[in-house]
Amino acid sequence: QVQLVESGGGLVQTGGSLRLSCAASGRTFSRYTMAWFRQASGNEREFVAAITWSGSSTYYADSVKDRFTISRDNAKNTVYLQMISLTPEDTAVYYCATDMVPVTSTKTYEYHWWGLGTQVTVSS
C-alpha cells in the first residue's frame, strides 16, 4: 500500500520561503511521477509541479514557475518543493500525489495515490 506523508507547511510572511517534503513508502517508485497540488479554500485542487522519479524531468504550473523548485532524494524516497517569494495567493493545503503517469500530467484524476496535505499560509 502506498503512503505519502507531507510535512513542512506553516505560516510565513509575504516574500518568505518554505520547503515542503513528501515521504513515500509502500512500493518501488522507480517509474512513478511525483507531483504537488494545492487547494485553496473554496477552490478546486490545482497542479503545482511534478518530477519523474529519476529526476530527469520536471514540469511546473505557470503560476509558480521561477519561484518553486521540485526535487527528490531517492535514497530517502522523498520529494521536496522549495517555495520562495511566497504571496498570499500561495495560501493553500499542499498535497503530494503519485502515479505512473507522464510528468506533464496535471489533472487530479490522473493520480491514484495522495497524501493528506500540509497547510501553507502566507500572511500579507
Side-chain angles (χ1 to χ4, degrees):
Q1 182 173 344
V2 174
Q3 265 200 320
L4 302 175
V5 180
E6 303 95 336
S7 61
L11 174 64
V12 64
Q13 291 185 332
T14 295
S17 303
L18 279 176
R19 189 178 79 157
L20 306 183
S21 300
C22 172
S25 62
R27 65 173 57 209
T28 301
F29 294 94
S30 60
R31 298 180 65 183
Y32 282 66
T33 288
M34 302 293 293
W36 287 96
F37 285 74
R38 66 186 181 185
Q39 186 167 18
S41 180
N43 290 359
E44 294 186 354
R45 196 169 299 189
E46 65 175 5
F47 172 80
V48 174
I51 187 168
T52 54
W53 196 250
S54 68
S56 60
S57 295
T58 58
Y59 191 68
Y60 295 92
D62 288 343
S63 59
V64 306
K65 203 175 296 182
D66 299 327
R67 297 190 301 123
F68 291 9
T69 302
I70 189 170
S71 62
R72 91 283 179 262
D73 182 339
N74 286 348
K76 297 181 179 179
N77 266 4
T78 299
V79 175
Y80 303 99
L81 186 69
Q82 179 68 51
M83 307 184 293
I84 66 171
S85 301
L86 287 163
T87 73
E89 288 68 37
D90 296 313
T91 294
V93 177
Y94 283 71
Y95 297 90
C96 181
T98 188
D99 213 323
M100 291 181 66
V101 295
V103 73
T104 53
S105 299
T106 63
K107 306 301 184 184
T108 56
Y109 62 75
E110 296 179 282
Y111 293 86
H112 185 71
W113 291 282
W114 293 83
L116 296 180
T118 185
Q119 175 71 48
V120 171
T121 302
V122 184
S123 63
S124 57

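In what follows, residues are counted from 1 in the order of the sequence shown. Just so it is clear, the structure is predicted and the values come from calculations on it, not from any experiment.
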Around atom CG of L11, are there more than 12 heavy atoms of other residues, nucleotides or ligands at under 6.0 Å?
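Enclosed: over 12 neighbouring heavy atoms sit under 6.0 Å from CG of L11.
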D66 atom CG: more than 12 heavy-atom contacts under 6.0 Å
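Not buried by this count: 12 neighbours or fewer within 6.0 Å.
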Same apolar cluster (I L V M F W Y, side chains within < 4.5 Å links), [X]/[Y]:
{"X": "F37", "Y": "L81", "answer": "no"}
{"X": "Y111", "Y": "M34", "answer": "no"}
{"X": "I70", "Y": "M100", "answer": "yes"}
{"X": "V64", "Y": "V93", "answer": "no"}

Ignoring hydrogens and angles, state whether a donor on the side chain of Y80 or R19 is under 3.5 Å from an acceptor on the partner side chain.
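No pair is found: no donor N or O on one side chain lies under 3.5 Å from an acceptor on the other.
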Can you tell me if W53 and N74 form a side-chain donor-acceptor pair at under 3.5 Å?
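Note: W53 and N74 side chains meet the donor-acceptor criterion.
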Cationic tip of R38 above Y95 ring, under 6.0 Å, 45° of axis:
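Verdict for Y95: no cation-pi partner in R38.
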Which atom names give the shortest non-hydrogen contact between V122 and T91, and what distance separates them?
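Closest approach of V122 to T91: N-OG1, 2.9 Å.
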What pair of heavy atoms forms the shortest contact from S124 to P88, and how long is it?
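Reported closest heavy-atom pair: CB-CG, 3.9 Å.
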Between [X] (side chain only) and [Y] (backbone N and O only), is there a donor and an acceptor less than 3.5 Å apart?
{"X": "T98", "Y": "T33", "result": "yes"}
{"X": "E6", "Y": "C96", "result": "yes"}
{"X": "T78", "Y": "K76", "result": "yes"}
{"X": "D90", "Y": "T87", "result": "yes"}
{"X": "R67", "Y": "M83", "result": "no"}
{"X": "D73", "Y": "A75", "result": "yes"}

Is [Y] close to [X] at the side-chain level, that is, under 4.5 Å between some pair of heavy atoms?
{"X": "L20", "Y": "V120", "answer": "yes"}
{"X": "T108", "Y": "W114", "answer": "yes"}
{"X": "Q39", "Y": "Y94", "answer": "no"}
{"X": "S7", "Y": "T118", "answer": "no"}
{"X": "V12", "Y": "S123", "answer": "no"}
{"X": "H112", "Y": "V2", "answer": "no"}

How many angstroms lie between [atom1] in [X] and [atom2] in [Y], if you round to the nearest 0.5 Å?
{"X": "R72", "Y": "C22", "atom1": "CZ", "atom2": "SG", "answer": "14.0 Å"}
{"X": "I51", "Y": "S57", "atom1": "CD1", "atom2": "OG", "answer": "8.5 Å"}
{"X": "S25", "Y": "L4", "atom1": "OG", "atom2": "CG", "answer": "7.5 Å"}

Just jot down the ring pair (Phe, Tyr, Trp, His ring centres under 6.0 Å) partners of Y59, sequence neighbours excluded, or say none.
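So Y59 forms a ring pair (Phe, Tyr, Trp, His ring centres under 6.0 Å) with F47.
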Are T121 and Q119 close enough, and set up right, to give a side chain to side chain donor-acceptor pair (under 3.5 Å), and what steps lead you there?
CA-CA 6 Å; T121 302; Q119 175 71 48; 3.3 Å; yes
What residues, two or more places apart in sequence or in another chain, satisfy side chain to side chain contact (heavy atoms under 4.5 Å, CB included) together with T69?
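Counting only residues at least two positions away or on another chain, T69 forms a side chain to side chain contact (heavy atoms under 4.5 Å, CB included) with Y60, Q82.
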Please step through side chain to side chain contact (heavy atoms under 4.5 Å, CB included) for the pair W36 and V79, ending with a clear verdict.
CA-CA 9 Å; W36 287 96; V79 175; 3.7 Å; yes
